[in-house]
Amino acid sequence: MTARTLYDKLVDAHKVCDLPGGDLLVYVDFHIMNEYTSPQAFSGLEAKGLKVWRPGAHLSVVDHVNGTRRREGPDEASKLLISNLTKNCDKHDIALYGLGDPRQGIEHVVVPEQGLVAPGMLIACGDSHTTTYGAYGALGFGIGTSEVEHVLASQTLRYQRLKSMRVIVDGGTAPGVTAKDIIMQVIKTVGAGAANGYAVEFAGSTITAQDMAGRMTICNMAVELGARAALIAADALTEAACRNKAHSGSHRFSVSDWTSDADASFDREVVINGADISPLVSWGTSPDQTLPIGSNLPSEVDMATPAAKQALTRSLGYMGLHEGQPLKGLQIDMAFIGSCTNSRIEDLRAAAKILAGRKIADGVTALIVPGSTATRIRAEAEGLDKIFSTAGFEWRPESGCSMCLAMNDDVAMDGERVASSTNRNFEGRQGRGARTHLMSPAMVAAAAIAGHITDVRDFAEKEG
Amino acid sequence: MATIISGKAAAFAQPNVDTDVIMPKRFLKTITREGLADGTFADLRFTESGEKRPEFVLNSADWRDASILVVGDNFGCGSSREHAVWGLRQLGVDAIIGTDFGGIFYDNARKNGLALLIVSKAVRNKLLAFAGDLETLQFNIDIAAKTIKAATQIFEFEMGQTCQTALIEGKDETFDTLKLAHKIRAFESANPNATRLIVNK
């Protein structure tokens with residue numbers, strides 16, 4: 001038998017049949033919905049007179065539009081999205097972890113917490129960050145609303161097999177370097193969009209040394225490379241993470257089945273040295289526009305092509321920056337810790353470690369939105385809420401995507417600069433004209449204290 | 001669904017145009033697919049007070065009725081929101097020519113009759129120049145032959161068979177798939193792991 005990649009094994013295991021034109025029909029083991037990309041799928045289903053194929057295979061959560069101060073949508077349109085999801089789930093007998101449910105939270109934080117992901121699964125969701133589940137050796141990918149309807153009706157998707165890329169990150173990393181910095185380094189090296197059409201498997205000792213939260217951060221943000229799937233081989237850590245959860249009994253798997261064969265070949269391979277990674281900060285409006293803290297912004301003369309020059313000028317203009325300026329010292333207006341990339345208990349602990357015994361700078365508005373209700377309760381039991389509140393962060397009582405995409409009322413104003421633990425620094429992402437700098441949760445904490453973008457390692461040293 | 005798309009092409013060379021830019025979040029709070037034309041590229045097209053930005057190509061008198069866009073690399077990256085594709089269609093965009101597209105955006109497009117044509121960087125740059133010139137902005141696209149005719153030259157583009165068939169036939173994929181219901185049931189019977197999970201209510 002020819003050697004296969006983990007990706008091939010996952011696709012093969014879910015193949016229902018071949019389709020004309022070379023695509024496959026693949027079976028979806030588990031499907032997640034939210035309130036904003038599912039309404040038109042349900043109405044499409046109903047307009048066509050179709051039923052949900054297997055209602056037990058779906059979970060809906062409210063996470064994108066809900067407020068984080070109060071348990072409700074911040075406006076009438078949001079309230080309608082939430083009530084519409086409730087109505088659709090009732091009607092089609094689908095599980096809903098809505099506002100007030102102790103299991104509610106950001107979909108990609110809730111699913112692992114509830115033991116709904118296990119190695120070998122195929123998981124789809126109308127959200128691009130569904131690549132997160134690759135951390136468990138599962139094939140997760142985002143789909144559009146038409147595909148949500150297709151999964152509801154048939155429990156399958158029409159699927160085109162992707163090319164394969166392996167990103168090997170090897171060796172130890174310097175203190176202060178987190179999983180966020182690792183994936184930002186990969187995006188910086190490979191380029192935003194360079195993995196369009198690829199499934200990316202992360203391998204190497206730097207990757208396997210990450211805990212599950214770190215692995216999820218890496219697979220989550222792989223979509224910013226363009227990767228339609230991100231994977232990390234299952235191992236003992238994965239197996240342990242699947243135990244003692246609400247749905248653990250629903251899975252049968254052997255972790256050794258969900259790794260690439262030793263002699264499997266990949267269409268593209270990238271090697272990164274773990275020791276070369278520093279804490280990174282984004283300076284522009286694409287997730288590959290990042291630099292190690294301590295760097296100066298690029299200059300026009302460094303740009304190889306007129307198009308690159310133009311892109312630089314546009315990014316700098318939007319961000320209110322000028323070429324060659326040092327990254328360190330940029331004054332911030334807001335600090336945000338949250339999102340499906342970095343809002344798990346491990347992320348909160350890392351930020352709290354920096355904030356303990358310190359205060360955020362005057363003039364900085366700082367928010368922390370735990371990734372799920374369960375994460376919030378756990379953090380409160382550990383006393384983390386006190387550390388955040390004492391430091392001057394607003395500890396928000398409700399969970400959701402919040403200011404990662406600012407669909408609720410947590411929004412940055414035009415021209416405001418935000419140190420953010422999120423995944424996208426796109427124009428307008430955190431509010432019209434808002435200027436996002438992506439970084440790790442600990443780096444956000446450090447920036448909030450200093451009042452400007454700074455090196456978290458200066459804080460860690462003082463502790464020692 | 002027509003196999004020929006002809007119309008004016010507009011050059012929009014900015015790289016990494018994400019779906020947040022194509023359809024800003026304030027237009028996403030809807031339970032229908034309608035009414036998204038004004039939201040499309042809203043922050044590029046309009047100032048905060050609602051005035052048209054003259055520098056945006058689709059606001060210029062010569063290109064406001066363009067139905068084809070020639071775009072920068074990695075167009076449609078980011079969020080899965082199909083609202084971006086719905087909005088482009090409602091704005092009158094029939095085809096987009098680029099070097100590569102965000103994966104989810106690419107799949108969403110064919111389900112809504114939006115043709116995404118993949119060409120090399122060299123061809124894209126040539127087409128950007130043609131689209132930017134009043135003499136050569138009229139393009140003619142043949143989906144079946146996979147060709148673009150611009151300025152009397154013919155360029156080939158890449159498109160998978162599934163996408164090509166979907167654009168030409170415009171069939172509903174859900175109904176097509178449900179014709180294979182027996183195969184889906186056979187898969188479920190053969191793979192108990194696939195159906196073991198029942199999400200707790």
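These figures come from a predicted structure and were not determined experimentally. Proteins get letters first, then strands, A, B, ... in listed order; numbering begins at 1 in each.
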S.K.: First locate atom CE of A:Met121, then atom CG of B:Leu197, and finally report the distance between them rounded to the nearest 0.5 Å.
M.R.: 5.0 Å
S.K.: Which heavy atom in B:Phe187 sits nearest to a heavy atom in A:Ala13, and how many Å separate them?
M.R.: CZ-O, 3.4 Å
S.K.: Taking side chain as everything from C-beta outward and backbone as N, CA, C, O, which of these in A:Asn423 sits under 4.5 Å from a heavy atom of chain B? Side chain, backbone, both or neither.
M.R.: neither
S.K.: Please round to the nearest 0.5 Å and tell me the distance separating atom CZ of B:Arg110 and atom OG of A:Ser146.
M.R.: 9.5 Å
S.K.: Would you mind checking which part of A:Ala406 comes under 4.5 Å of any heavy atom in chain B, side chain (CB onward), backbone (N, CA, C, O), both or neither?
M.R.: both
S.K.: Quick one: what part of B:Glu173 sits under 4.5 Å from any heavy atom of chain A, side chain, backbone, both or neither?
M.R.: both
S.K.: Counting heavy-atom pairs closer than 4.5 Å to chain A, which one of B:Ile198, B:Asn191, B:Leu180 comes out on top?
M.R.: B:Ile198
S.K.: Is chain B contacted by the side chain of A:Ala311, its backbone, both, or neither, given a heavy-atom distance below 4.5 Å?
M.R.: side chain
S.K.: If you round to the nearest 0.5 Å, how far is CG of A:Leu59 from NZ of B:Lys201?
M.R.: 11.5 Å
S.K.: Apply the test side-chain contact (heavy atoms from CB on, under 4.5 Å) to residues B:Glu82 and A:Glu147: give CA-CA distance (whole Å), side-chain angles for both, the deciding distance (0.1 Å), then the verdict.
M.R.: CA-CA 10 Å; B:Glu82 197 163 318; A:Glu147 288 183 316; 6.0 Å; no
S.K.: Given that the side chain runs from C-beta out, which part of A:Asp414 has a heavy atom under 4.5 Å from chain B: side chain, backbone, both or neither?
M.R.: side chain
S.K.: Taking every heavy-atom pair that is under 4.5 Å apart, which of B:Pro192, B:Gly78, B:Gly160 has the most such pairs with chain A?
M.R.: B:Gly78
S.K.: Using a cut-off of under 4.5 Å for heavy-atom pairs, which of A:Ser128, A:Gly193, A:Pro39 has the most such pairs with chain B?
M.R.: A:Ser128
S.K.: Under 4.5 Å from any heavy atom of chain B, what part of A:Ser154 do you find: side chain, backbone, both or neither?
M.R.: both
S.K.: Test side-chain contact (heavy atoms from CB on, under 4.5 Å) on A:Trp53 and B:Ile184 and set out the steps.
M.R.: CA-CA 10 Å; A:Trp53 181 278; B:Ile184 302 170; 3.4 Å; yes
S.K.: I need the residue from A:Val148, A:Asp93, A:Leu152 with the largest number of non-hydrogen atom pairs under 4.5 Å to chain B.
M.R.: A:Asp93
S.K.: Chain B heavy atoms under 4.5 Å from A:Phe253: which part of the residue, side chain, backbone, both or neither?
M.R.: neither
S.K.: Chain A: which of B:Ala190, B:Gly72, B:Ala181, B:Ala13 shares the most heavy-atom pairs with it under 4.5 Å?
M.R.: B:Ala181
S.K.: So A:Tyr159 and B:Thr162, do their side chains get closer than 4.5 Å, heavy atoms only?
M.R.: no
S.K.: Has B:Lys8 got more than 12 heavy atoms of other residues, nucleotides or ligands less than 6.0 Å from its NZ?
M.R.: yes
S.K.: Of the backbone (N, CA, C, O) and the side chain (C-beta and beyond), which part of A:Leu162 lies under 4.5 Å from a heavy atom of chain B, both, or neither?
M.R.: neither
S.K.: Show your reasoning for whether side-chain contact (heavy atoms from CB on, under 4.5 Å) applies to B:Glu188 and A:Arg54.
M.R.: CA-CA 11 Å; B:Glu188 288 179 331; A:Arg54 198 160 72 79; 3.9 Å; yes
S.K.: Once rounded to the nearest 0.5 Å, what's the spacing between atom CD of B:Glu48 and atom CZ of A:Arg432?
M.R.: 4.5 Å
S.K.: So which residue, A:Leu122, A:Leu19, A:Thr130, A:Leu25, ends up with the most heavy-atom pairs under 4.5 Å with chain B?
M.R.: A:Leu25
S.K.: Picking from A:Glu149, A:Gln310, A:Arg314, which has the most non-hydrogen pairs under 4.5 angstrom with chain B?
M.R.: A:Arg314
S.K.: For chain A, which of B:Val85, B:Asn74, B:Asp73, B:Thr165 has the most heavy-atom pairs under 4.5 Å?
M.R.: B:Asn74
S.K.: Does atom CD of A:Gln160 have more than 12 heavy-atom neighbours from other groups under 6.0 Å away?
M.R.: no
S.K.: Contact part of A:Arg429 toward chain B, heavy-atom cut-off under 4.5 Å: side chain, backbone, both or neither?
M.R.: both
S.K.: Side chain from CB out, backbone as N, CA, C, O: work out which of these in A:Leu50 comes under 4.5 Å of a heavy atom of chain B, or both, or neither.
M.R.: side chain
S.K.: Could you state the interatomic distance from CG (A:Asn196) to OH (B:Tyr106), rounded to the nearest 0.5 Å?
M.R.: 11.5 Å
S.K.: In terms of heavy-atom proximity below 4.5 Å to chain B, should A:His58 be classed as side chain, backbone, both, or neither?
M.R.: backbone
S.K.: Tell me, for B:Asn200 versus chain A, whether the close heavy atoms (under 4.5 Å) come from the side chain, the backbone, both or neither.
M.R.: both
S.K.: So does B:Glu135 have more than 12 non-hydrogen atoms from other groups sitting under 6.0 Å from CD?
M.R.: no
S.K.: Top residue by heavy-atom pair count (under 4.5 Å) with chain B, among A:Val223, A:Asp288, A:Asp75?
M.R.: A:Asp75
S.K.: I'd like to know which of B:Ile104, B:Asn125, B:Asp176, B:Thr174 tops the heavy-atom pair count under 4.5 Å against chain A.
M.R.: B:Ile104
S.K.: Can you say whether B:Leu44 sits under 4.5 Å from chain A via the side chain, the backbone, both, or neither, judging by heavy atoms?
M.R.: side chain
S.K.: Any sub-3.5 Å donor-acceptor pair from B:Gln161's side-chain atoms to A:Pro20's backbone N or O?
M.R.: no
S.K.: Counting only heavy atoms not in B:Glu156, do more than 12 sit closer than 6.0 Å to its CD atom?
M.R.: no
S.K.: Is it the case that A:Asp127 and B:Ser80 place a side-chain donor and acceptor less than 3.5 Å from each other?
M.R.: no
S.K.: Looking at A:Lys309, I want to see if its NZ is surrounded by more than 12 non-hydrogen atoms of other residues, nucleotides or ligands under 6.0 Å.
M.R.: yes
S.K.: Check the pair B:Asp172, A:Lys48 against side-chain contact (heavy atoms from CB on, under 4.5 Å), reporting the backbone distance first and the verdict last.
M.R.: CA-CA 10 Å; B:Asp172 185 289; A:Lys48 290 171 192 172; 2.5 Å; yes
S.K.: Taking side chain as everything from C-beta outward and backbone as N, CA, C, O, which of these in A:Thr156 sits under 4.5 Å from a heavy atom of chain B? Side chain, backbone, both or neither.
M.R.: side chain
S.K.: Just verifying a value: how many Å separate B:Arg81 CZ and A:His64 NE2, rounded to the nearest 0.5 Å?
M.R.: 8.0 Å
S.K.: If the contact rule is any heavy atom under 4.5 Å from chain A, which residues of residues 15-32 of chain B qualify, in numerical order?
M.R.: B:Pro15, B:Asn16, B:Asp18, B:Asp20, B:Val21, B:Lys25, B:Arg26, B:Leu28, B:Lys29, B:Thr30, B:Ile31, B:Thr32
S.K.: Have B:Thr177 and A:Arg158 got a donor and an acceptor in their side chains that come within less than 3.5 Å?
M.R.: yes
S.K.: Considering only heavy atoms and a distance below 4.5 Å, find which of A:Ala194, A:Ala95, A:Ala118 pairs most often with chain B.
M.R.: A:Ala95
